[in-house]
Amino acid sequence: MPKTGTVAILPGDGIGPEVTEQAIRVIEKLNSDYSAGLECKIAPVGGAAYDQHGHPLPPETLEIAKSSDAILLGAVGGPKWESIEREHRPERALLSLRSELKLFSNLRPAILFPELADASTLKPEVVSGLDIMIVRELTGGIYFGQPRGIKTEEDQTRTGFNTMVYNESEIKRIAHSAFKVAQARDKRVCSVDKANVMEVSELWREVVTVVSSEYPDVQLSHMYIDNACMQLVRAPKQFDVIVTTNLFGDILSDAASMLTGSIGMLPSASLDENNKGMYEPVHGSAPDIAGQGIANPLATILSVAMMMRTTFENIDAADRIEKAVQQVLADGLRTSDIAGEGSAPISTSQMGEAICEKL
Ligand code: NAD
């Protein structure tokens, strides 16, 4: 049975409000035509929240995020807030939301709709139909490990250092997350590490292998990060689900997103242990096109599809959204970022309208 509940909508900065507006239209359509039963609560975040309340994540916004079943975020940041002190920068809101809500599992699909195969820099036959999911550990590893810092030796030489650290329970929970994702897909997980050089990776590989015995229907393989980077651009369709650490996942997921050639098309999810999640497009606030009504809202709309599937277990609604996107693309409708030469692009709200019509 699909679940109903509350969605915190955090539009943020730049094109964030423009693309989330279209996502809200999609949610309203699901409510009115398919009884999805979602209540939206809108709250400020990022630079917009700093301007209004003096903080990028005001307590009221955090409270709404905590008490909701899912969060849909637009994007934060922009030149206006680049010179303010670090703890008040818009991007801090994202880090705080992830840690406050314990969102340790970051899911980034890299999907290439066949209609957009020409948008990639790789040959169409290498990427057409690409559908991979990168599961990145998000709250541990070298970005958080202690000790860290820059120390000055007696001879005034400075040394910078960070620590990559994972305990068994952190590895177990991200492994479970990846195996569960794979069960709903092609049932293959590739765990990416650097076990030939790093002890932390040795433990990672051992624990992932132990967890895999609980998922006999899923096939597990291992790959070193350097080879994974190479394979991702050589033959990306060999992968189904990739599970990896925070650092390796950061790099791999950005590389994977570029295989599709269109940053305006890519959704993401960050989940806690109970599949409560923050859903957001992979792209940023795109200050260069903000306010022009030309941003592509499909990454945010596809984030709604991920939300419906994962948090609300509403597979039908998720499938409907993804199918609507495919049909709109098949009809030749494109925002300017994905429009080829000679075709007339449509606006952000026209794209939202077209998706709602297909729904
Ligand atoms: P960006 O993703 O905002 O933009 C990169 C390029 O892609 C730009 O040319 C932009 O116009 C284009 N683009 C992005 N999304 C698009 C869309 N939906 N439709 C059409 N074109 C789109 O990355 P950036 O320029 O490096 O960063 C701008 C700001 O966003 C910075 O302040 C950065 O810190 C912030 N940022 C926020 C997030 C987030 O909120 N999760 C992520 C990345 C960057």
Side-chain angles (χ1 to χ4, degrees), residues 8-23 26 43-51 56-57 61 65 71-84 86 88-99 101 103 106-108 113 116 119-121 136 138 143 249-251 253-258 260-270 277-304 306 325 328-329 333-340 343 345-352 355:
I9 309 264
L10 314 182
D13 309 317
I15 61 168
E18 301 170 41
V19 292
T20 44
E21 193 185 328
Q22 304 313 313
V26 168
V45 74
Y50 177 79
D51 288 349
L57 185 63
T61 300
I71 299 141
L72 182 71
L73 187 129
V76 297
K80 183 178 175 194
W81 303 282
E82 264 163 20
S83 53
I84 59 178
R86 196 165 282 276
H88 283 131
R89 297 239 180 106
E91 291 78 3
R92 294 296 291 199
L94 293 182
L95 298 179
S96 304
L97 279 166
R98 284 174 191 162
S99 63
L101 301 174
L103 306 174
N106 183 226
L107 271 51
R108 293 241 315 233
F113 290 93
L116 297 180
S120 175
T121 49
R136 164 189 170 194
L138 200 59
Y143 292 167
D250 193 4
I251 298 164
S253 58
D254 265 24
S257 69
M258 276 300 98
T260 70
S262 48
I263 197 166
M265 295 292 303
L266 295 168
S268 77
S270 305
M278 181 159 83
Y279 298 86
E280 53 180 318
V282 164
H283 62 72
S285 59
D288 53 336
I289 58 164
Q292 297 177 34
I294 58 168
N296 186 347
L298 292 180
T300 314
I301 290 172
L302 288 167
S303 300
V304 176
M306 284 187 89
V325 170
V328 162
L329 294 174
L333 300 178
R334 307 272 191 274
T335 42
S336 55
D337 57 314
I338 50 173
S343 63
I346 61 170
S347 70
T348 309
S349 65
Q350 284 170 325
M351 185 56 97
I355 297 292

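Side-chain atoms are counted along with the backbone in the values below, which use heavy atoms only and exclude waters and symmetry mates. Read the numbers this way: they start at 1 and go in the same order the structure lists the ligands and their atoms.
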Practice task
Could you tell me whether a side-chain N or O of S285 sits under 3.5 Å from a main-chain N or O of G77, the two making a donor and an acceptor?
Solution key: yes
Handout entry: Ionic contact status for K80 with D13, cut-off 4.0 Å
Key = no
Practice task
Determine yes or no for a side-chain-to-main-chain donor-acceptor pair under 3.5 angstrom, with T61 supplying the side chain and L57 the backbone.
Solution key: no
Problem - Backbone N/O of T348 and side chain of N296: donor-acceptor pair under 3.5 Å - result: no
Problem - Residues lining ligand 1 [heavy-atom distance under 4.0 Å, listed by chain and residue number] - result: I15, A75, V76, G77, G78, E91, L94, I263, G264, E280, H283, G284, S285, A286, P287, D288, I289, A295, N296, D337
Completion exercise
For Y279, the ring pair (Phe, Tyr, Trp, His ring centres under 6.0 Å) test, sequence neighbours excluded, returns none
Practice task
Could you tell me which non-hydrogen atom of G78 sits nearest to which non-hydrogen atom of P287, and how far apart they are?
Solution key: CA-CG, 4.4 Å
